[in-house]
Amino acid sequence: MSRIGNKTITIPEGVEINVAEGNEVTVKGPKGTLTKTFSPLMDIVIDAGIITVKRPNDEKTTKQLHGTTRALLATMVEGVSKGYTKTLKIVGIGYRCALKGSTLTLNVGYSHEVNIEVPANVTVTVPDTTTITVTGIDKQDVGQFAAVVRAVKKPEPYGGKGIRYVDEVVRRKEGKTAASKK
């Protein structure tokens, strides 16, 4: 029995959901619209403001699809109603970022600037030169772009320099010490 798949999803105010032929689900909300096609094995039922996902049998693949389908539907509903945000912090002397049109420019210790093109479905803001905020309605797109930015200069354990998520804890290592000669 899938615990995640059996949970119901409550539809918030202002969100509209349509299930078309072939399990194509369209979710409209105040932040935007998301559309995704799910497996035809799953039965998506909308009744009185509650979404329920049902599976036809107890095979391993259908159990896996059951939980995944329910989780993806829940993230779609939350995305169009609240949206998703990831905040990144740049740590290091002389490290900074800037937003020029739809291009994010990073100066993070390389001999050149790193330019990253911002996708159309993601909004990036730079409140100050060391903070990057990525927002959008699709959880996967927001997380993917934030991961691409972080991968430019991952935080290193000795000095702690690099690009990290705001809530990320970087485990620090003690560096080498000079051995005393006797």
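Along the sequence shown, the residues carry numbers beginning at 1. Just so it is clear, the values below take in all heavy atoms, side chains as well, and ignore hydrogens, waters and symmetry mates.
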Checklist outcome for this item: In short, salt bridge (charged side-chain N to carboxylate O under 4.0 Å, His left out) pairs touching residues 143-158 with sequence neighbours left out are Arg150-Glu168
Checklist entry - Got a sec, which pairs hit side-chain hydrogen bond (donor to acceptor under 3.5 Å, both in side chains) with one end in residues 102-123, sequence neighbours left out? => result Ser102-Glu117, Thr103-Glu117, Thr105-Asn115, Asn121-Asp141
Checklist outcome for this item: Nearest heavy-atom approach of Gly14 to Pro30 is O-CD, 3.7 Å
Checklist entry - With sequence neighbours excluded, what pairs up with Thr68 under the side-chain hydrogen bond (donor to acceptor under 3.5 Å, both in side chains) test? => result none
Next on the checklist: Ignoring hydrogens, what is the shortest heavy-atom contact between Gly136 and Val142? Give both atom names and the distance.
Outcome noted: N-CG2, 3.4 Å
Next on the checklist: Can you confirm whether Val118 sits close enough to Phe145 that some side-chain heavy atom of one is under 4.5 Å from a side-chain heavy atom of the other?
Outcome noted: yes
Checklist entry - If you look at every heavy atom in Asn18 and Glu16, which pair is closest and at what distance? => result ND2-OE2, 4.1 Å
Checklist entry - Which residue pairs satisfy the side-chain hydrogen bond (donor to acceptor under 3.5 Å, both in side chains) criterion with at least one member in residues 21-38, sequence neighbours excluded? => result none
Next on the checklist: With clusters defined by side-chain heavy atoms of hydrophobic residues (ILVMFWY) lying less than 4.5 Å apart, directly or transitively, does Val149 cluster with Val91?
Outcome noted: no
Item to check | Single-linkage hydrophobic cluster, 4.5 Å side-chain cutoff, Ile90 and Val166 together | outcome: no
Checklist entry - What's in the same ILVMFWY side-chain cluster as Val19, cut-off under 4.5 Å, chained through other members? => result Ile9, Ile11, Val15, Ile17, Val25, Val27, Leu34, Phe38, Leu41, Met42, Ile44, Ile46, Ile51, Val53, Leu65, Leu72, Leu73, Met76, Val77, Val80, Ile137
Next on the checklist: Would the distance check show the side chain of Thr131 and the main-chain N or O of Asp128 forming a donor-acceptor pair, the cut-off being under 3.5 Å?
Outcome noted: no
Can you give each donor-acceptor pair under 3.5 Å made by side-chain atoms of residues 157-164, sequence neighbours left out, with the distance rounded to 0.1 Å?
from	atom 1	to	atom 2	distance (Å)
Arg164	NH2	Gly160	O	2.5

Item to check | Residues in side-chain contact (heavy atoms from CB on, under 4.5 Å) contact with Ile50, at least two apart in sequence or another chain | outcome: Thr8, Thr52
Item to check | Donor-acceptor contact below 3.5 Å, side chain Tyr84 vs main chain Gly143 | outcome: no
Checklist outcome for this item: In short, salt bridge (charged side-chain N to carboxylate O under 4.0 Å, His left out) pairs touching residues 75-101 with sequence neighbours left out are none
Checklist entry - Quick one: does Tyr165's side chain get under 4.5 Å of Leu88's, heavy atoms only? => result yes
Next on the checklist: Under the rule for salt bridge (Lys or Arg N to Asp or Glu O under 4.0 Å), what residues qualify as partners of Asp167, not counting sequence neighbours?
Outcome noted: none
Next on the checklist: Any non-hydrogen side-chain atom of His66 less than 4.5 Å from a side-chain atom of Arg70?
Outcome noted: no
